[in-house]
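Written out below as structure tokens is the structure these notes cover.
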Amino acid sequence: MVTLLVFVSPAYADQSALTMELRKDGVLHVKEEIVLSGGPVTRAPVLRTRHDDASDRVYRIANVKGAAFDGAELTISASGTVEYDVIGAVSPIAGGEELRWFAASGPLEQVTVKVVGPGQVQNLACFAGDVGAALGCTTAAMDETGETAEFEQQGLAAGQVLTVVVGYPAGTTGAGPTLEHRFSLGAAFTVNAITGGSLALLLVLLLGGFWLVYWTRGRDARVIGAESGVRGGHENGQFAPPDGVRPGQIGTLIDEQADVIDVTATIVDLAVRGYMRIDEQPRETYDAPDWLLVKLPKAPVASLLPYERALYDSIFDLRDEVLLSQLHGGFTTGLGRVRDALYRDVVKQGWFTRRPDSVRSLWTVLGIVVTVLGVAGTVALAMFTTYGLVGLAVIILGAAVTVGGQFMPAKTASGATALAHTLGFREYLATGDISDIPAGQRAELFSRYLPYAVIFDSVDRWARVVASIKGEGDNLYWYHGPAEWDLSKFADSMRTFTMTTSGAISSSRQFRTF
């Protein structure tokens with residue numbers, strides 16, 4: 001495929017006689033004696049032809065005399081002599097070298113070409129017509145010495161070129177063609193044994209290396225089998241969760257995320273432990289549900305963990321009570337402090353060596369950087385080579401690091417042990433027998449279980465358990481309903497409260513949602 005066509009102006013040349021000398025360094029020197037009819041002639045020499053599926057052959061013209069050349073067009077203003085050098089006209093072939101040049105362009109009444117070179121002519125050919133045409137020219141011959149090839153063409157029409165081809169022995173000049181990569185999507189991502197094998201090898205090495213990093217640094221420390229198993233949450237009727245872990249801590253420990261649900265469970269836990277009271281507000285049929293959070297006097301707030309204290313202060317913000325629907329402003333700002341305090345807490349407990357969110361962020365940034373570098377490398381390989389497929393391995397690695405980095409926070413032996421105990425406690429809350437709990441202790445004990453049930457997504461079961469308590473009046477010590485409300489409605493109320501609270505926290509955009 002020719003990418004630069006030949007054309008002429010309305011003026012034309014009657015006759016053209018060319019002498020072309022192939023020099024030892026492979027440069028073709030062209031000398032043309034031209035007779036014009038009319039005004040100046042403008043030619044667009046063929047400077048680029050298709051070499052193969054991936055590259056073009058480029059010819060460069062230099063040292064122009066007797067004409068003006070702007071890099072694309074050759075302008076001949078009057079009859080006379082035009083000289084120039086052509087670089088890239090020689091290419092090696094089987095058993096020799098081949099000189100190929102588009103010597104003249106029409107319209108021409110007659111054109112003759114004489115070619116001399118540094119070696120014996122082995123073969124010759126010429127073609128007249130469009131570039132790449134197979135129609136022979138009028139005459140093609142060599143002299144008796146075998147060192148000069150001569151060509152002639154009668155009547156070269158507008159848009160046609162005379163192409164001369166002369167073969168020489170191998171090593172005559174040692175020159176080769178100038179090739180430039182030509183971009184095409186199919187060629188850029190060529191699938192063959194080399195590109196496919198390279199891609200597979202890189203994927204094995206890169207992804208295998210990342211898996212090794214996860215295996216050595218991203219996995220939780222192992223714990224012995226005795227650490228697992230069902231674990232109750234009370235001793236002698238007194239609430240005693242495994243390792244004394246609180247709901248917000250459990251939530252962050254399990255999924256290594258400070259979640260909306262962790263904060264929701266902590267609010268319920270603060271109420272159950274006597275730091276606030278939750279009063280469900282009366283409403284009409286189509287009113288949105290709402291709750292009043294009431295600060296309880298003489299609550300030992302100094303004993304709260306940092307993340308609990310940050311949440312407590314964010315809720316009340318120098319006030320004694322607030323409607324859940326009015327939690328915004330300072331509450332939204334304070335949730336950022338709660339999240340940070342939760343992450344600091346799990347490190348302080350010795351469950352992680354570094355904050356899980358920092359580890360995830362580090363690997364996410366690294367994955368994005370690798371992906372960007374992979375995209376840039378793939379584009380460069382595709383533009384200038386046929387190995388674009390190889391660059392995809394780096395893009396895949398970047399994506400794997402970005403996604404896999406979310407699993408890189410690793411629990412210490414202490415954290416893995418606490419997790420095993422926590423999972424045993426979750427199994428107890430889901431299936432354990434609670435019939436042995438004395439009736440007088442059930443209200444407080446079951447209430448203490450409820451925040452953990454929020455974390456473990458067992459709200460419905462434990463809310464119904466709490467609602468089944470008999471002889472405790474129409475309210476709980478930490479949850480009051482409106483008039484004509486009783487404990488039989490507690491399960492629905494608690495389900496709605498946790499969903500509404502989680503929604504209010506989610507709207508702050510400080511925490512990951514469910």
Side-chain angles (χ1 to χ4, degrees), residues 1-6 16-32 43-64 74 82-106 108 111-153 156 160-182 187:
M1 179 182 66
V2 178
T3 57
L4 185 58
L5 300 179
V6 176
S16 177
L18 296 97
T19 300
M20 303 196 304
E21 177 190 358
L22 179 61
R23 296 170 178 168
K24 189 64 179 176
D25 59 3
V27 175
L28 178 66
H29 180 72
V30 179
K31 183 177 181 181
E32 179 179 5
R43 296 175 180 170
V46 179
L47 301 179
R48 182 183 296 268
T49 60
R50 185 181 186 276
H51 179 72
D52 55 27
D53 291 340
S55 56
D56 290 335
R57 183 173 180 177
V58 178
Y59 303 85
R60 187 164 65 89
I61 292 179
N63 304 321
V64 178
L74 192 69
V82 177
E83 296 184 60
Y84 55 87
D85 293 333
V86 180
I87 301 168
V90 178
S91 60
I93 58 174
E97 294 182 354
E98 179 184 88
L99 166 67
R100 180 182 292 264
W101 178 237
F102 313 97
S105 59
L108 278 171
V111 58
T112 60
V113 180
K114 180 184 292 187
V115 180
V116 296
Q120 291 281 39
V121 175
Q122 288 189 327
N123 53 72
L124 51 81
C126 64
F127 308 96
D130 296 335
V131 177
L135 182 64
C137 63
T138 304
T139 303
M142 70 177 71
D143 66 2
E144 63 278 1
T145 67
E147 296 181 350
T148 302
E150 297 179 345
F151 307 91
E152 181 179 348
Q153 175 64 30
L156 193 64
Q160 295 182 333
V161 296
L162 174 65
T163 305
V164 299
V165 181
V166 182
Y168 291 98
T172 299
T173 67
T178 302
L179 302 180
E180 288 187 1
H181 176 72
R182 182 180 67 255

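Predicted model, so just to flag it, every value in this text is computed and none were measured.
Every residue two or more places apart in sequence or in another chain was checked for a salt bridge (charged side-chain N to carboxylate O under 4.0 Å, His left out) with Glu150, and none qualifies. Applying the side chain to side chain donor-acceptor pair (under 3.5 Å) criterion to Glu83, with sequence neighbours excluded, gives His29. Remark: Glu32 engages Arg43 in a salt bridge (charged side-chain N to carboxylate O under 4.0 Å, His left out) (not counting sequence neighbours). Among residues two or more places apart in sequence or in another chain, the side-chain contact (heavy atoms from CB on, under 4.5 Å) test is passed with Ile87 by Val27, Arg60. Under the rule for a side-chain contact (heavy atoms from CB on, under 4.5 Å), the partners of Val58 that lie at least two apart in sequence or sit in another chain are Arg48, Thr178, Glu180.
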### Task
Let me see the working for Gln160 and Leu108 under side-chain contact (heavy atoms from CB on, under 4.5 Å), right down to the final yes or no.
CA-CA 10 Å; Gln160 295 182 333; Leu108 278 171; over 6 Å; no
### Query
Between Val30 and Val86, does a side-chain contact (heavy atoms from CB on, under 4.5 Å) hold up when you go through it step by step?
CA-CA 8 Å; Val30 179; Val86 180; 4.1 Å; yes
### Query
Could you go step by step and tell me if Thr49 and Phe102 meet the side-chain contact (heavy atoms from CB on, under 4.5 Å) rule?
CA-CA 11 Å; Thr49 60; Phe102 313 97; 3.8 Å; yes
### Message
Run Trp101 and Val115 through side-chain contact (heavy atoms from CB on, under 4.5 Å) and show every step you take.
### Response
CA-CA 11 Å; Trp101 178 237; Val115 180; over 6 Å; no
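Looking only at side-chain heavy atoms (C-beta outward), Pro92 and Pro177 come within less than 4.5 Å of each other. Side chains of Leu18 and Val111 form a contact here, defined as non-hydrogen atoms less than 4.5 Å apart. Residues Leu99 and Val165 fail the side-chain proximity criterion, which asks for heavy atoms closer than 4.5 Å. Side-chain contact between Pro118 and Thr173: present, with at least one pair of heavy atoms (C-beta onward) separated by less than 4.5 Å. In this structure, Leu28 and Asp85 have side chains that are not in contact, with every pair of non-hydrogen atoms separated by 4.5 Å or more. With contacts defined as side-chain heavy-atom distances shorter than 4.5 Å, the pair Arg57/Ser91 qualifies. Val166 is listed as a side-chain neighbour of Phe151, based on a closest heavy-atom distance under 4.5 Å. When side chains are defined from C-beta on, Arg100 counts as touching Thr163, because their heavy atoms get closer than 4.5 Å.
A donor-acceptor contact shorter than 3.5 Å is absent between the side chain of Lys31 and the backbone of Glu21. Using a distance-only test at 3.5 Å, with no hydrogens or angles considered, a donor-acceptor pair links the side chain of Glu97 to the main chain of Gly174.
What you find for Ser55 and Leu179 is that their closest heavy atoms are OG-CD1, 4.3 Å. The two residues Ala175 and Asp25 have their closest heavy-atom pair at CB-O, 4.2 Å.
Separating the OG1 atom in Thr172 from the CD atom in Glu98 is a distance of 12.5 Å, to the nearest 0.5 Å. Here Lys114 contributes atom NZ and Glu152 contributes atom CD; the two are 12.5 Å apart, rounded to the nearest 0.5 Å.
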Scan the side chains in residues 130-138 for donor-acceptor partners under 3.5 Å anywhere in the protein, sequence neighbours excluded, and list what turns up.
from, atom 1, to, atom 2, distance (Å)
Thr138, OG1, Gln153, OE1, 3.3
Thr138, OG1, Gln154, N, 3.1

